[in-house]
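Some notes on the structure that comes next.
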Amino acid sequence: GEDVEQSLFLSVREGDSSVINCTYTDSSSTYLYWYKQEPGAGLQLLTYIFSNMDMKQDQRLTVLLNKKDKHLSLRIADTQTGDSAIYFCAESDSGNTPLVFGKGTRLSVIA
Amino acid sequence: DTAVSQTPKYLVTQMGNDKSIKCEQNLGHDTMYWYKQDSKKFLKIMFSYNNKELIINETVPNRFSPKSPDKAHLNLHINSLELGDSAVYFCASSQPGLAYNEQFFGPGTRLTVL
């Protein structure tokens with residue numbers, strides 16, 4: 001079955017860039033997503049990328065996709081303490097299929 | 001207006017009891033989901049409904065029975081609760097064919113079984 005892998009922890013200093021990595025196994029993935037979960041809260045869609053794109057930039061967020069290696073990354077520029085959260089990589093292959101999530105990367109930002 | 005709402009937000013109950021969690025979405029979406037997030041924050045799909053019909057059941061015990069009275073509601077009933085059912089349950093909805101298949105999540109229901 002599909003599998004999505006992420007490292008579990010990342011710690012960065014305020015103002016530095018954060019890079020969260022993700023690998024997936026499903027070659028039919030059409031959409032790849034990054035969700036953010038703050039403590040005690042639900043999931044918020046941060047950004048997404050289609051599988052036919054290599055890169056997407058949205059303000060401080062840059063998503064890179066290497067489809068050949070099935071590798072996805074999320075770069076957060078100028079990381080702030082408010083960025084401390086769990087970041088989930090997820091994939092789906094069509095319009096109404098459930099998301100397959102990675103285990104989440106807990107980002108800690110040190111002031 | 002809340003897009004996807006769940007009740008209750010917290011649920012504490014004894015082992016062996018039966019409980020229900022309700023979910024409603026006001027987005028007009030056709031597809032709704034239940035996800036379970038365990039104590040390690042791992043998120044997994046449990047059920048998926050499209051237009052009130054069950055389309056995915058991911059090897060969830062029979063004690064869990066989803067019910068969709070209409071396409072805006074997807075409730076989850078759990079019989080004979082066990083300690084391992086303690087988790088946060090998230091409802092979500094999406095509309096096939098819309099841009100990038102975004103799933104909108106509810107705030108979660110934290111279930112604690114004692």
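Only heavy atoms go into these numbers, but all of them, side chains included; no hydrogens, no water, no symmetry mates. Treat the numbers as computed from the prediction; the structure is a model and nothing was measured. A, B, ... follow the sequence lines: proteins, then strands. Residue 1 opens every chain.
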To the nearest 0.5 Å, tell me how far [X] [atom1] sits from [Y] [atom2].
X	Y	atom1	atom2	answer
A:Lys103	B:Leu43	NZ	CG	11.5 Å
A:Leu8	B:Phe42	CG	CZ	6.0 Å
B:Gln103	A:Leu45	CD	CG	10.0 Å

Step through the shown structure and confirm whether more than 12 heavy atoms of other residues, nucleotides or ligands are within 6.0 Å of [atom1] on [X].
X	atom1	value
B:Lys22	NZ	no
A:Met53	CE	yes
B:Asn62	CG	no
B:Lys44	NZ	no

Could you see if [X] belongs to whatever hydrophobic cluster contains [Y]? Use Ile, Leu, Val, Met, Phe, Trp, Tyr and a side-chain cutoff under 4.5 Å.
X	Y	answer
B:Leu74	B:Val4	no
A:Leu64	A:Phe50	no
B:Val60	B:Met32	yes
B:Leu11	B:Leu83	yes
A:Leu46	B:Phe104	no

Subject >> Beyond-backbone contact of B:Gln37 with A:Phe101, side-chain heavy atoms, under 4.5 angstrom >> reply: no
Subject >> Atom group of A:Gln44 that falls short of 4.5 Å from chain B, counting heavy atoms >> reply: neither
**OP:** Using non-hydrogen atoms and a 4.5 Å limit, figure out which bit of A:Leu43 sits close to chain B: side chain, backbone, both or neither.
**Re:** both
Original post:
Under 4.5 Å, heavy atom to heavy atom, which residues of residues 106-113 of chain B contact chain A?
Top reply: B:Gly106, B:Pro107
Original post:
Between B:Tyr35 (side chain) and A:Leu99 (backbone), is there a donor-acceptor pair under 3.5 Å?
Top reply: yes
Original post:
Tell me, side chain or backbone of B:Gln6 under 4.5 Å from chain A's heavy atoms, or both, or neither?
Top reply: neither
Original post:
Is the gap between the ring centers of A:Tyr35 and B:Phe105 under 6.0 Å?
Top reply: yes
